[in-house]
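The structure appears below as structure tokens.
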Amino acid sequence: MQRYFINKDNILNNQVKISGNDFHHIKNVMRMNVGDIVILNTFDGLVYEAFLIESNKNDVVFEIKKELKNTYKPFNLTLGLSMIKKDNFELVLQKATELGVEAILPLITERSIIKIDDFSKKISRYETIIKEASEQSERTVLPIIHDLTSLNAIDLQPYNKLILCYAREKSYKLTELIMKIEPTDKVLALIGPEGGFTQKEIDFLISKGFVSVSLGQTILRAETAAMYIASILKARMEENI
């Protein structure tokens with residue numbers, strides 16, 4: 001069943017009007033007709049079953065049929081990713097959302113080739129990507145996307161497991177770390193830019209409690225590494241959910 005996110009404040013007398021991009025998708029892509037049923041999510045986690053009662057030139061109107069129980073829970077991974085090329089970064093946003101991560105932390109690092117002068121101008125597009133990926137994957141809770149952050153400004157207090165993904169790590173493998181992670185743990189995993197973290201950054205992060213792990217024998221692109229670590233941790237941390 002098709003799913004859309006709405007603002008709770010837009011529900012009036014048990015009805016909600018939808019316009020803009022979602023209206024276009026409903027009318028021109030899905031070609032919905034009066035009587036068709038959808039799932040509506042509010043951004044604060046309420047879930048409703050609703051049916052289309054009116055289709056106009058610039059909007060559609062749904063009437064809420066019933067509230068549904070929200071059983072979805074993202075797994076406790078914040079994925080920290082250095083700013084990489086636009087298309088690759090946006091691909092990670094989409095796939096990490098589909099995989100069910102709790103949050104995404106954009107990072108500015110020494111070897112970041114993408115320079116962001118005004119991150120607020122990017123947020124709107126990033127939020128759209130996350131919203132559409134959440135609808136497609138039937139999430140009822142959007143992942144959090146944090147502000148652009150430098151390594152020394154990361155708030156580590158919420159996390160009890162800190163992972164640094166480093167291609168050249170020789171002594172510690174991800175498979176060894178995985179067995180020490182429980183579904184209740186709060187994990188922060190960092191992925192570097194195209195050129196990787198500098199040795200200075202690696203030393204700094206290890207001094208802050210990060211465990212440096214290898215992701216295997218081959219060198220992965222940043223976007224591949226991000227999806228790989230998210231997939232592995234999803235499999236482990238959702239075992240008892």
Side-chain angles (χ1 to χ4, degrees), residues 1-79 86-87 89-106 120-147 183 226-227 230-231 233-235 237-241:
M1 194 176 296
Q2 193 63 39
R3 188 177 300 261
Y4 299 95
F5 280 86
I6 61 171
N7 289 310
K8 183 171 64 176
D9 293 343
N10 290 344
I11 300 174
L12 299 173
N13 299 321
N14 228 36
Q15 296 180 2
V16 59
K17 184 179 293 186
I18 295 178
S19 57
N21 291 336
D22 285 341
F23 161 71
H24 169 75
H25 189 268
I26 290 166
K27 190 163 187 176
N28 300 319
V29 178
M30 300 304 298
R31 299 183 181 276
M32 290 187 186
N33 299 308
V34 170
D36 285 347
I37 298 175
V38 300
I39 300 296
L40 299 178
N41 290 115
T42 66
F43 291 104
D44 54 355
L46 297 177
V47 186
Y48 301 102
E49 185 178 290
F51 60 96
L52 183 61
I53 62 170
E54 189 176 323
S55 181
N56 304 308
K57 183 178 179 180
N58 297 310
D59 59 52
V60 290
V61 180
F62 285 91
E63 183 166 319
I64 292 173
K65 184 178 181 181
K66 60 183 176 180
E67 184 173 352
L68 304 176
K69 184 178 180 180
N70 186 356
T71 59
Y72 176 79
K73 183 181 182 298
F75 73 101
N76 300 325
L77 170 64
T78 294
L79 185 63
K86 175 179 175 291
D87 290 348
F89 186 83
E90 292 180 357
L91 178 66
V92 173
L93 288 180
Q94 180 188 70
K95 299 309 177 186
T97 298
E98 291 177 23
L99 286 166
V101 306
E102 183 176 39
I104 298 156
L105 175 63
S120 63
K121 292 181 179 179
K122 300 285 186 180
I123 280 290
S124 178
R125 175 165 175 79
Y126 294 162
E127 289 176 343
T128 297
I129 292 169
I130 284 172
K131 172 180 172 294
E132 291 176 352
S134 295
E135 291 169 345
Q136 179 275 319
S137 59
E138 299 189 357
R139 289 182 64 139
T140 57
V141 178
L142 296 175
I144 299 164
I145 181 161
H146 293 286
D147 288 334
M227 288 182 273
S231 299
L233 289 172
K234 174 184 174 70
M237 297 178 73
E238 287 190 343
E239 284 182 358
N240 297 324
I241 292 178

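Here the structure is a predicted model, which means the values were calculated and not measured.
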Query raised in the report: Closest heavy-atom contact between Met227 and Ser231?
Result: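 Nearest pair, atom of Met227 first, then Ser231: O-OG, 2.7 Å.
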Query raised in the report: Where do Leu52 and Val61 come nearest, in terms of heavy atoms and distance?
Result: CD1-O, 3.4 Å
**Report entry** salt bridge (charged side-chain N to carboxylate O under 4.0 Å, His left out) contacts in which one or both residues fall within residues 35-58, not counting sequence neighbours
**Finding:**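 Residue pairs with at least one partner in residues 35-58: Lys8-Asp44, Glu49-Lys65.
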Under the side-chain hydrogen bond (donor to acceptor under 3.5 Å, both in side chains) test, residues paired with [X] that sit two or more places apart:
X      : value
Gln2   : none
Tyr126 : none
Gln15  : Glu63

Rounded to the nearest 0.5 Å, what separates atom [atom1] in [X] from atom [atom2] in [Y]?
X      : Y      : atom1 : atom2 : result
Arg139 : Ile130 : CZ    : CD1   : 8.5 Å
Leu40  : Thr42  : CG    : OG1   : 9.5 Å
Ile64  : Asn14  : CD1   : CG    : 5.0 Å

Side chains of [X] and [Y] in contact at under 4.5 Å (non-hydrogen atoms):
X      : Y      : value
Ile144 : Leu105 : no
Pro143 : Ser134 : yes
Val60  : Ser55  : yes

Report task. Output all residues satisfying salt bridge (Lys or Arg N to Asp or Glu O under 4.0 Å) with Lys17, sequence neighbours left out; order by chain, then residue number. Result -> none
Report summary line: With sequence neighbours left out, the residues meeting ring pair (Phe, Tyr, Trp, His ring centres under 6.0 Å) with Phe43 are Phe5
Query raised in the report: Does any N or O in the side chain of Asn10 come within less than 3.5 Å of the main-chain N or O of Val16, such that one atom is a donor and the other an acceptor?
Result: no
Query raised in the report: Do the side chain of Asn70 and the main chain of Tyr72 share a donor and acceptor less than 3.5 angstrom apart?
Result: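 It does hold such a pair.
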Report task. Please name all residues satisfying side-chain contact (heavy atoms from CB on, under 4.5 Å) with Arg3, sequence neighbours left out, ordered by chain then number. Result -> Ile39, Asn41, Val47, Glu138, Thr140
Listing, residues 94-104 side-chain donor-acceptor contacts under 3.5 Å, not counting sequence neighbours, or none:
from: Thr97; atom 1: OG1; to: Leu93; atom 2: O; distance (Å): 2.7
from: Glu102; atom 1: OE1; to: Lys186; atom 2: NZ; distance (Å): 2.9
from: Glu102; atom 1: OE2; to: Lys186; atom 2: NZ; distance (Å): 3.3

Query raised in the report: Ile18 and Ile6: side chain to side chain contact (heavy atoms under 4.5 Å, CB included), yes or no, with the steps?
Result: CA-CA 8 Å; Ile18 295 178; Ile6 61 171; 4.1 Å; yes
Distance-only donor-acceptor pairs under 3.5 Å for side chains of residues 22-30, two or more places apart:
from: Asp22; atom 1: OD1; to: Lys131; atom 2: NZ; distance (Å): 3.0
from: Asp22; atom 1: OD2; to: Lys131; atom 2: NZ; distance (Å): 3.0
from: His24; atom 1: ND1; to: Asn28; atom 2: ND2; distance (Å): 2.9
from: His25; atom 1: ND1; to: Tyr4; atom 2: OH; distance (Å): 2.8
from: Lys27; atom 1: NZ; to: Asn56; atom 2: O; distance (Å): 2.7

Query raised in the report: If you look only at pairs with a residue in residues 46-65, which of them pass as a ring pair (Phe, Tyr, Trp, His ring centres under 6.0 Å), with sequence neighbours excluded?
Result: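 For residues 46-65: none.
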